[in-house]
Amino acid sequence: MTNSQEFIKAAPIIYTLNEAGYEAYFVGGAVRDLLLDLPIHDVDIATSAYPAEVQSLFPRHFDVGLDHGTIMVWFEGETYEITTFRTESTYQDYRRPDNVTFVQNLEEDLLRRDFTINALAMTPDHQIVDYFDGQKDLANQVIRAVGSPHDRFNEDGLRMMRGIRFASQLDFAIERETFKAIKDNASILVHIAIERITVEMNKLWIGVNWHKGLSYFLSTDLIQYVPILADYKHVFSDLLDLTSDRVQLPDENFAWALLFWRVYELSGHKDITMIQQQVRQFVKAWKMSNQSQKEILAYLEIFIYRTDHTEWKLVDIYGRNQHQIELVETFIALQQENAQVLFKTVFKSNNPQVIHELFKALPINSLRDLAINGQDIIREINPKNKREIGQMLKYLEQAVVKEEVINDQLALLAYLKDNYQI
Ligand code: ATP
Ligand code: MG
């Protein structure tokens, strides 16, 4: 689907609102991304209709953010957020507005938005409404706050993180006054819920110019006001020196692992238990999921393994995630091509293609693939201590992976009887 088809698909929603006598426009990120010819994520709509009126015009809806005037509407298999024109006022805690006031005109609604490039609106026939020179900033690749940057960041400190996140995602520069206001107000970030910061930071890492995003994270001092990372300023600088910005990071957990791998490398004592503990503390402080923790730790182990070994051994590949190893190897290969000499000294060789072959060569992929199970061991060997069974299976698993015995029931039993010390 081309970009404008997303809007063609959603146009009937706008027409329905128009026919009922309301104004309605496409707004925000979707309009920005259309003009940049980037993939569109969600098409958001702003309207002069009140939420109750939107609800009655679109029976298939959920009330997702009724307090903020947002109704989620189902239409032709997609969902769209329709938000009543509104302003926000009296932000007392630097995060959420205490008061949302519905207004009747679009300009006031656009005025509450964070950056000029996000404050564009569009009609279904592609007329752009642009009160703050957002199109000019798009053309010049600039992130500029709408109105007074100082005021905008004092209303909502998260916008500062959004600003550097967009710099990374779009490869845009932050306009001077906007940059200065972030730097002056960076400490406001301590009032922002960490979950929201995590979302922005994760998007920053995987942006097309993550180096630019990270450089802003450092130069704006935002890094000073997030948990734990303030201590790692030198690690970020090291990572920027070590890597090329031409190689994007495949996912956010990969990115965090890359950072902690540098923490580990630079720490001097190279203590695995300690770095794993540091990752767990970090994940907790940043309120990330258990799944993220698992993935960060897995990637970290892969990075550490590859720093210590020039290539993968079959026994070491066993039990790991093929996709994760391939992502790391591909990253190493691309960095080798693009990065400074330094990176080349860390990883001596690489060959992402062999990983696939290695996994194919594994005789088993998990304990379940063993040609023998606990029942078989009870029947054939019947160890007095039943706890031995698990250890025996692990012993055989290792032997099969090391290719010391073939994965065949009789061979495994014979091997066990000959070699395992009960
Ligand atoms: P993404 O590609 O991440 O979805 P987006 O610009 O669409 O980027 P959203 O968080 O989906 O970002 O928000 C939609 C729109 O709402 C933004 O384009 C912006 O106009 C406005 N907006 C979102 N968050 C804020 C905020 N914290 N302050 C002011 N305006 C905001
Ligand atoms: Mg969006």
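Ligands are counted one by one from 1 in listed order, and the atoms in each one are counted from 1 as well.
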Atoms of ligand 1 close to [X] [distance to a heavy atom under 4.0 angstrom, numbered from 1]:
X      : answer
Gly28  : 18 (O)
His41  : 2 (O)
Asp114 : 19 (C), 25 (C), 28 (N), 29 (C), 30 (N), 31 (C)
Lys203 : 3 (O)

**Per atom 9 (P) of ligand 1, closest listed option by heavy atom (Arg162, Glu81, Arg196)** =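 Closest candidate by heavy-atom distance is Arg162.
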**Option of least heavy-atom distance to atom 15 (C) of ligand 1 (set: Glu88, Arg159, Arg113)** =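 Comparing heavy atoms across Glu88, Arg159, Arg113, the nearest one to atom 15 (C) of ligand 1 lies in Arg113.
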Taking 4.0 Å as the limit for heavy-atom contacts, which would you say applies to [X] with ligand 1: side chain only, backbone only, both, or neither?
X      : answer
Asn118 : both
Arg112 : backbone
Arg165 : side chain

Ignoring hydrogens and angles, write down the donor-acceptor pairs under 3.5 Å from the side chains of residues 272-284, residues two or more places apart or on other chains.
residue: Gln277; atom: OE1; partner: Arg280; partner atom: NH1; Å: 3.2
residue: Gln278; atom: NE2; partner: Tyr232; partner atom: OH; Å: 3.4

With a 4.0 Å cut-off on heavy atoms, is [X] touching ligand 1?
X      : result
Leu158 : no
Gln169 : no
Phe166 : yes

**Request:** Test salt bridge (Lys or Arg N to Asp or Glu O under 4.0 Å) on Asp316 and Arg320 and set out the steps.
**Result:** CA-CA 8 Å; Asp316 295 324; Arg320 292 187 201 273; 5.7 Å; no
**Full working for salt bridge (Lys or Arg N to Asp or Glu O under 4.0 Å) between Asp156 and Arg152** = CA-CA 6 Å; Asp156 179 358; Arg152 307 327 307 280; over 6 Å; no
Note the single closest protein heavy atom to [atom], along with its residue, its atom name and the distance in Å.
atom                    : result
atom 14 (C) of ligand 1 : Asp44 OD2, 3.9 Å
atom 4 (O) of ligand 1  : Asp42 OD1, 4.1 Å
atom 27 (N) of ligand 1 : Asp156 OD2, 2.9 Å

**Prompt:** Purely on distance, is any nitrogen or oxygen of Arg32 under 3.5 Å from one on ligand 1?
**Reply:**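 N/O-N/O distance below 3.5 Å exists for this pair.
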**Asked** Any nitrogen or oxygen of Gly29, main chain or side chain, under 3.5 Å from a nitrogen or oxygen of ligand 1?
**Response**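 Among all N and O atoms of Gly29, at least one is under 3.5 Å from an N or O of ligand 1.
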**Item:** Proximity of Phe166 and Phe172 rings by center, below 6.0 Å
**Value:**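 No - the distance between ring centres of Phe166 and Phe172 does not fall below the 6.0 Å cut-off.
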**Asked** Step by step, would you call Glu155 with Arg112 a salt bridge (Lys or Arg N to Asp or Glu O under 4.0 Å)?
**Response** CA-CA 10 Å; Glu155 289 162 2; Arg112 70 158 169 99; over 6 Å; no
**Prompt:** Can you check salt bridge (Lys or Arg N to Asp or Glu O under 4.0 Å) on Asp137 and Arg144, steps first, answer last?
**Reply:** CA-CA 7 Å; Asp137 288 335; Arg144 181 196 310 272; 2.9 Å; yes
**Geometric class of the Phe7/His126 ring pair [parallel <30°, tilted 30-60°, perpendicular >60°]** =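 Rings of His126 and Phe7: perpendicular, as their planes differ by over 60°.
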**Request:** Assess whether atom NE2 of His323 is packed by more than 12 heavy atoms of other residues, nucleotides or ligands within 6.0 Å.
**Result:**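 Open: at most 12 neighbouring heavy atoms sit under 6.0 Å from NE2 of His323.
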**Message:** So which atom in Lys9 and which in Phe75 form the shortest heavy-atom distance, rounded to 0.1 Å?
**Reply:**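 The answer is O-CE2, 3.3 Å.
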**Item:** Residue from Tyr264, Phe260, Trp256, Phe254 passing ring-ring contact (aromatic ring centres under 6.0 Å, His included) with Phe303
**Value:**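 Answer after filtering Tyr264, Phe260, Trp256, Phe254: Phe254.
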**Request:** Check whether any side-chain N or O of Arg306 sits under 3.5 Å from a backbone N or O of Glu329 as a donor-acceptor pair, and report yes or no.
**Result:**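 Not at all, since once roles are kept as given, no pair shorter than 3.5 Å links the two residues.
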